[in-house]
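Report on the structure given below.
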Amino acid sequence: MSSELRVEQLRKVFTTTTAQGSALKAAVDDVSFTIAAGEIVVLLGPSGCGKTTTLRCVAGLEHPTSGKIVIGGTVYTDPQAGVLVPPRNRNLGMVFQSYAVWPHMTVRQNVAYPLKSRGVKGAAQDNAVRDALDLVELSAYADRPVTQLSGGQMQRVALARSMVYQPQILLLDEPLSNLDAQLRLRLRDDLRRIIKRVGLTALYVTHDQTEAVVLGDRLGVMRDGKLLQLDTPSAIYNSPADLFVAGFTGATNVIEGRLVSRDGAFGVVAVASGEHVMARMGHDIAPGTPVRVALRPDNVALNPAGEGRNRFLGGVTSRHYQGTQTVYQVSVLGTAIEALEVGSAARYDENSQVTVGLPAEACWVYPADR
Amino acid sequence: MVDTGAASLTASEKAGLDKAGSDRIGVTRAWVPWAWSGFLIAMLAFLVLYPTSMLLIGALTTTNPVVEGYSLADISIGNFLAVVMNPNVAAALGNALIACAGGTAVAVAIGLAFAWVVVRTNTPCKGLIASAGMLPLFVPPLVAGVAWSILGSPKTGLLNLLLNKAGIPFRFDLYSMPGIIFVFGIYYAPYVYMFTAAALRNMDPALEEAAEISGASATRTMATVTFPLIMPAILSGMLLSFVVMLGIYGIPAVLGAPANISVLTTYIFALTAWSPPRYNTAAAVAVILMIVTGVLVYLQQKIVSGRSYTTVAGKAFRPRPLNLGKWRFLTLGLAILYLFVVVVLPTIALFIAAFRKFLFIKDIPALFEAKQYGWQHFIKMFDNPLTIASIINSIKVGIITAIVGGLLSFAIGYTITRTRAPGRRMIDVITTIPVAIPGLVIGVAYLWAWIGLPGGLYGTLWILALAFVARFIPDTVKALSTSLLQIHRELEEAAWICGRGTLSTIASIVLPLARPGVVAAMTLLFILSMRELGSSLFLYSSGTMVMAVQLLGYYEGGNIGITAAFSLVQMVLLGVLISFTNWLSRPGRGSGAIKPDIAPTGVVRSG
């Protein structure tokens with residue numbers, strides 16, 4: 001029942017009309033990926049990056065300009081070949097950001113609706129509805145009007161409704177973004193557990209990194225219609241493919257420099273102050289090229305113990321105490337970077353001198369021209 | 001300054017009345033808010049409660065107020081029941097219900113189709129269609145009636161002349177129940193359109209997408225999701241258009257009279273025109289009309305305030321318009337046909353009738369003979385001193401209504417939304433009562449209230465203006481309250497902290513911010529009172545003739561040329577005024593001030 005989803009070279013071009021005239025803009029630009037049966041893939045990116053459009057193309061609610069969508073070996077979308085199966089014939093489940101539970105129906109009527117469309121009647125219908133409601137723990141609310149439910153409960157009704165007919169694929173469009181923070185955390189864990197228990201293939205869209213990391217077997221980071229990197233959460237966090245992905249995972253410190261030499265997986269970068277920083281190379285960059293080194297504030301060590309490479313003298317320019325952690329602005333290597341130390345005691349005062357340790361494996365080198 | 005309600009009015013007292021005499025700062029005089037509320041309630045009692053009570057007394061007694069004055073001597077429910085049992089009254093009530101039910105059915109069919117075409121399809125030029133579709137709202141019902149009698153009178157109607165020339169044996173007969181239903185339906189379709197289009201537009205498109213994903217076909221989605229969700233809006237628009245039609249005088253007067261079809265409104269007026277006038281019977285029938293209207297308005301308010309199905313949508317995905325393919329030209333054609341029938345045809349008819357010497361048209365070429373056309377009807381019309389007098393009177397009444405109504409509405413709106421004055425709930429409730437009273441009933445009520453008092457208001461322009469203020473006060477107060485609620489409370493509180501009193505704060509903060517709303521409300525009052533016919537019918541005198549009544553006079557005098565000419569003059573006047581209102585409320589005017597949005601909603605109830 002759960003199927004593989006293959007998206008091949010998907011493109012969706014909009015005509016945008018401006019004062020200067022109309023221009024073509026690609027909302028989705030040559031996106032390809034495959035989700036194995038039973039796998040959860042999360043598309044992550046800022047608003048307008050094309051993640052929702054990609055999802056809606058898979059659903060059949062949006063028609064791509066070109067490309068192919070293949071589910072379980074069957075082609076559902078291929079505009080060049082004139083194939084555009086309407087949403088109702090795709091046998092997909094979808095959970096909407098706004099829940100989209102029908103307010104004029106009870107919980108049971110909402111969940112039974114797709115079964116009725118499929119001609120499932122009587123005991124088979126009742127059993128399917130009961131199983132789906134059990135799964136989302138809403139059996140006690142079956143005969144309530146949905147308008148009496150809380151936001152979290154409505155979203156669980158939407159989930160039950162989208163899974164009751166055992167769809168080939170489950171699509172989730174920012175399903176948690178309308179909920180308050182606490183509920184979001186709980187439902188986030190529930191969601192993954194429920195989807196995994198049923199064994200559904202799922203495509204999930206969100207702009208929230210923590211949600212993506214917890215939910216997805218693999219994450220795809222999108223920007224300007226392009227899929228930049230699709231990988232496991234730990235691969236995304238430990239070797240981001242480019243500067244944007246690095247920034248998205250929290251690597252907000254960027255140091256400009258020029259690649260001096262390369263030695264296997266590591267390279268030496270000369271920075272503005274003339275000092276040399278050792279950093280990991282993910283890309284094939286020729287020595288002499290301008291580069292940017294990115295690293296996360298929590299990887300910056302202040303006064304690290306023992307001896308090691310990549311140690312530089314710096315000064316604390318400001319201190320922001322945040323209770324369980326402290327963020328320092330450190331001036332080092334002729335630039336300013338942030339360092340984050342966990343703990344409720346702030347160790348350094350403003351204007352104090354510190355040794356700044358930059359672990360080479362946490363510093364990533366990217367070409368400066370992108 | 002702890003109790004803002006008391007404090008606000010104390011401050012107004014300080015600022016306005018005896019600032020010099022006040023020796024202690026911050027004295028709280030508890031009686032001031034009471035006095036203010038008392039003043040407003042007294043005003044509303046004078047405008048609304050007293051006339052309505054007199055109407056009820058009239059319905060329950062048999063004494064003629066002109067001859068015998070007011071008397072409670074023979075007050076009895078029997079007098080009212082005697083009227084209810086009268087077969088003529090029953091016939092008028094029956095006709096009214098049939099005409100309005102039929103008209104509502106037509107209006108729902110057209111309005112719903114129009115809403116769907118405009119909101120949900122890719123029909124070309126739909127923006128233009130949507131705005132043109134609102135035009136019928138601004139046509140006074142009497143003018144609509146006159147135009148359609150020129151087009152569709154069985155013997156001389158222009159459409160029938162064309163059919164005759166074309167050799168088609170079919171004839172239109174607008175002087176009939178189907179004729180009234182047709183004209184009601186096409187003119188009040190925009191009401192249904194306004195409600196349903198808004199509901200369709202506000203509906204989260206994901207609700208329909210979810211049904212599609214669930215495997216439902218397009219028709220099933222429409223039947224099981226779309227329709228049930230916009231049902232409250234459809235019902236609400238239906239009830240509202242029914243209520244408005246019920247209170248209309250002009251259309252049934254013009255189209256019903258030749259066929260002897262009387263509805264409640266025309267029957268009430270006929271009663272007061274008899275000799276001697278049957279004021280008591282008129283009052284009783286007016287009460288029947290008021291009860292029916294009241295029940296329907298109550299139902300409509302219940303639906304509106306009931307469970308709203310417009311759900312909180314996340315990101316605003318615009319509903320994907322349905323691609324109709326080449327069928328979109330059919331929907332465009334139907335929309336153009338509607339606009340042609342409801343806007344173009346009647347306008348052409350009025351122009352031909354107004355500029356042509358004789359309405360008889362021999363053949364098609366005769367229609368275009370230039371020597372048949374001229375200004376003679378306009379010249380004759382303006383030769384009649386009553387024409388100019390009625391225009392001037394209407395303008396005077398309009399100005400009085402706008403100023404008195406605007407001030408009172410602002411005072412009430414401010415009191416209801418911004419203060420804790422005692423009795424403000426009661427003020428709110430009394431203010432909404434006229435929603436359930438058709439204009440014609442207000443007219444009869446005012447007649448009863450003042451005709452028996454010698455040397456009173458009756459026969460002056462003021463009684464017309466006050467009746468209009470009473471009639472439209474729910475709309476203006478609501479519009480102004482919306483405007484006022486958008487002004488953050490803290491803006492006012494900041495001015496108090498700066499040491500301003502209430503009156504000074506209103507003058508320097510609230511009024512400037514609410515100014516566009518206030519100006520628009522006053523302009524709207526002016527427009528509404530210029531075109532109001534129902535209540536004017538009972539309140540004008542030879543010296544206070546107003547435009548709408550004068551038009552009826554021309555029509556009943558039988559000169560269709562002058563009637564058409566005067567209709568055009570009124571349409572042009574109203575058109576200029578409405579464009580002016582739109583210009584006042586256009587976006588980007590007045591920096592930071594609250595934008596009013598009342599022009600279409602205000603006309604809604606007035607028909």
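First the proteins, then the strands, lettered A, B, ... as listed; each starts at 1.
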Walk me through it: do K51(A) and E174(A) pass the test salt bridge (charged side-chain N to carboxylate O under 4.0 Å, His left out)?
-> CA-CA 10 Å; K51(A) 55 191 193 303; E174(A) 306 221 11; 3.6 Å; yes

If you count heavy-atom pairs under 4.5 Å between each of A158(A), P114(A), S177(A) and chain B, which one has the most?
->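 The candidate making the most pairs under 4.5 Å is P114(A).
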
Contact part of A218(B) toward chain A, heavy-atom cut-off under 4.5 Å: side chain, backbone, both or neither?
->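 When you check distances to chain A, only backbone atoms of A218(B) fall under 4.5 Å.
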
Just say parallel, tilted or perpendicular for the rings of Y193(B) and F114(B), cut-offs at 30° and 60°.
-> perpendicular

Heavy-atom proximity to chain B below 4.5 Å, by part of Y113(A) =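 Both the backbone and the side chain of Y113(A) come within 4.5 Å of chain B.
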
With only heavy atoms counted, which part of R118(A) is less than 4.5 Å from chain B, the side chain, the backbone, both or neither?
-> side chain

Decide side chain to side chain donor-acceptor pair (under 3.5 Å) for E62(A) and T53(A); before the verdict, give the C-alpha distance in whole Å, the side-chain angles of both, and the deciding distance to 0.1 Å.
-> CA-CA 7 Å; E62(A) 211 76 62; T53(A) 309; 5.7 Å; no

Could you go through the side chain to side chain donor-acceptor pair (under 3.5 Å) check for Y141(A) and Q148(A) one step at a time?
-> CA-CA 10 Å; Y141(A) 298 84; Q148(A) 287 180 10; over 6 Å; no

